[in-house]
Amino acid sequence: MNYELNNACAEVACFKVTGDVSEYHVMIHAKAEGRTFQQQLDAVLDGYEQLKGSELKGATAVLKRYFLSDVANQADDVLLADTSDCAKSIIGQAPLDGSKIALWVYMMTGVCSRLLPSGLYEVRRSGTTCQEADGATALRHLWNASAHNTAQNSEYQTRLLFNEYVMQLAQEGCTLADHCIRTWLFVNDVDVNYAGVVAARNRVFFTQGLTEETHYIASTGIGGRAKDAQVMTQMDNYAIAGLRREQVHYLYAPTHLNRTSDYGVSFERGTTVDYRDRRHVIISGTASINNKGQIEHPKDIVRQAHRMWDNVGALLSEADCSYEDVTVMIVYLRDVADYDVVRRLYDERFPDKPRVIVHAPVCRSGWLIEMECMAVKQMDSPDMPAI
């Protein structure tokens, strides 16, 4: 659904199951029209509050991500204005509609959120403690955002980020291999610093028992700047305490895509998590690549976009889903001059999907466009835990 707000607009996707947790993905865009950053920030936050009082009434924010045009000068204003108690991701990836800010909010009804001593945000069903009424362990969704440090290079920064995250998970009785579902790695000057990120992740994963024979973790590694220019890598992540192995499956789409380990990186193309009444599908950053690991349609933004859609569609199909089940899209462009073309393509094919198109170079310079998405589909899996 599309909503016109005061000096802003929004797209909202909703997944509802009668009597259970509902989910919303909300993308709010400021209307630029010569307004200052503060005016645009106010418009976005006022629009969010307006939706919370109507369409999103009773929903709790699980994750917020702010996309900013000038993060060095804007991040503090966001933190001052938004004091809500949830994981907040603030990243320098300029919205390409001419505005200075866009906001993605993932929300749920029937849940509560709190900051844990480990530094992770816990989201769990309201009324649950450590045990559900049926004796099964209640799931705890653990979110973290904007983790960073200022070590000497991107490899060392990434190693420290993962090492700290491993320790945070350990405090919650979790491990990286068994409980982490998703990471985002935002890399300042990705053409220069991505190699260090890859090396660090490969090394940490190996020490944590994550290999091509076991599994990796769904991820997006993309250009993006933190407030501090010395931060070369910033990370968001998501894990689930109490997760059962049989809940999780990995997506490969071998007719369209190769294994990421073929070209020396370590992430899953996509992951599904099954619950009692729904399936979550998490699609990693996906570009115009073939199943030999080669770039398809070099220097052609339109054909790259279509091949990218085909690849994502193949991953969704493997999860028994389609684009109809997609609830949010984030689109990354290397060249801002491609925005008008890409916007028209998305407007034609996905007119009502919550999405944002931002300036964020992909990890390989020949890729002009990349997208990630999330989907949810109603299921009947009585042997699985509730979300």
Side-chain angles (χ1 to χ4, degrees), residues 1-14 23-109 113 121 143 145-146 184 186 224-227 234 236 327-333 336 339 343 346-347 350-360 372-374:
M1 294 288 292
N2 295 331
Y3 295 91
E4 285 295 322
L5 307 166
N6 186 24
N7 298 325
C9 59
E11 305 104 28
V12 179
C14 175
E23 302 180 54
Y24 301 89
H25 285 275
V26 186
M27 197 70 74
I28 306 177
H29 312 267
K31 294 181 180 178
E33 299 171 356
R35 296 184 178 90
T36 66
F37 174 74
Q38 187 62 55
Q39 290 170 329
Q40 293 186 38
L41 173 61
D42 290 345
V44 165
L45 294 178
D46 289 348
Y48 172 61
E49 292 299 325
Q50 180 181 334
L51 290 170
K52 277 184 63 180
S54 52
E55 286 76 7
L56 309 178
K57 194 168 186 178
T60 298
V62 172
L63 171 72
K64 292 181 179 179
R65 180 169 298 156
Y66 288 91
F67 305 90
L68 303 181
S69 62
D70 182 7
V71 67
N73 287 305
Q74 298 163 348
D76 286 343
D77 292 334
V78 171
L79 291 172
L80 185 64
D82 185 347
T83 58
S84 58
D85 195 20
C86 73
K88 284 190 283 288
S89 174
I90 299 175
I91 189 67
Q93 292 177 332
L96 290 178
D97 60 0
S99 66
K100 296 177 179 291
I101 181 173
L103 172 62
W104 166 38
V105 191
Y106 177 33
M107 307 182 75
M108 291 180 168
T109 62
S113 173
Y121 277 92
W143 291 87
S146 295
W184 290 265
F186 302 109
R225 221 201 96 160
K227 174 193 169 185
Q234 182 167 292
D236 297 351
T327 50
V328 67
M329 299 173 169
I330 301 175
V331 185
Y332 305 103
L333 293 186
V336 298
Y339 170 70
R343 177 187 55 78
Y346 273 85
D347 284 349
F350 307 110
D352 299 319
K353 295 289 183 186
R355 67 175 185 271
V356 66
I357 304 174
V358 297
H359 180 219
E372 63 177 72
C373 64
M374 296 174 67

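These numbers come from a predicted model, not from an experiment.
Residue Ser69 comes nearest to Ser99 through the heavy atom pair CB-O, 4.3 Å, listed as atom of the first residue, atom of the second, then distance. Nearest heavy-atom pair across Ser89 and Ser146 is CA-OG, 3.4 Å. Between Asn2 and Pro351, the closest heavy-atom pair is ND2-O, 3.8 Å. The two residues Ile91 and Val71 make their nearest non-hydrogen contact at C-CG2, 4.3 Å. Closest heavy-atom contact between Pro95 and Ile101: CG-C, 3.8 Å. A pairwise comparison of heavy atoms in Gln40 and Lys31 identifies CG-O, 4.3 Å as the closest pair.
At least one side-chain heavy atom of Trp104 sits less than 4.5 Å from a side-chain heavy atom of Val328. Side-chain contact between Asn7 and Asp42 is absent, with no heavy-atom pair separated by less than 4.5 Å. Residues Tyr48 and Val26 are not in side-chain contact: their nearest non-hydrogen atoms beyond the backbone lie 4.5 Å or more apart. Tyr24 is not listed as a side-chain neighbour of Val105, based on a closest heavy-atom distance of 4.5 Å or more.
Contacts of Asp347 classified as salt bridge (Lys or Arg N to Asp or Glu O under 4.0 Å), with partners at least two apart in sequence or in another chain: Arg343, Arg355.
Put simply, the side chain of Gln234 never gets that close to the backbone of Ala226: no donor and acceptor are under 3.5 Å apart.
Partner of Tyr332 under the side-chain hydrogen bond (donor to acceptor under 3.5 Å, both in side chains) criterion, chosen from Gln93, Glu372, His359: Glu372.
With rounding to the nearest 0.5 Å, the separation of CD1 in Ile330 from CZ in Phe67 is 4.0 Å. Taking CZ of Arg65 as the reference point, atom OH of Tyr106 lies at 13.5 Å (rounded to 0.5 Å). The distance from atom CD1 of Ile90 to atom CG of Leu79, rounded to the nearest 0.5 Å, is 3.5 Å. Tyr121 contributes atom OH, which lies 11.0 Å from atom CG of Leu63 (distance to the nearest 0.5 angstrom). Taken to the nearest 0.5 Å, the CG atom of Asn6 stands 7.5 Å off from the CD atom of Gln50. Here the straight-line distance linking atom CE of Met374 with atom NE2 of His25 works out to 4.0 Å at 0.5 Å rounding.
For residues 46-57, the set of pairs meeting the salt bridge (charged side-chain N to carboxylate O under 4.0 Å, His left out) definition, not counting sequence neighbours, is empty. Here salt bridge (charged side-chain N to carboxylate O under 4.0 Å, His left out) pairs that include residues 66-90, with residues two or more places apart or in two chains, are Lys64-Asp82, Asp76-Lys227.
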CA sep, side-chain torsions, deciding dist, call: Phe37, Val78, side-chain contact (heavy atoms from CB on, under 4.5 Å) = CA-CA 10 Å; Phe37 174 74; Val78 171; 3.9 Å; yes

- Message: Checking Val62 against Trp143 for the side-chain contact (heavy atoms from CB on, under 4.5 Å) test, could you report, in this order, the C-alpha distance in whole Å, the side-chain angles of both residues, the deciding distance, and whether it holds?
- Response: CA-CA 8 Å; Val62 172; Trp143 291 87; 3.1 Å; yes

Checking Ile357 against Asp97 for the side-chain contact (heavy atoms from CB on, under 4.5 Å) test, could you report, in this order, the C-alpha distance in whole Å, the side-chain angles of both residues, the deciding distance, and whether it holds?
CA-CA 8 Å; Ile357 304 174; Asp97 60 0; over 6 Å; no

- request: Apply side-chain contact (heavy atoms from CB on, under 4.5 Å) to His29 and Glu11, showing your working.
  value: CA-CA 9 Å; His29 312 267; Glu11 305 104 28; 3.0 Å; yes

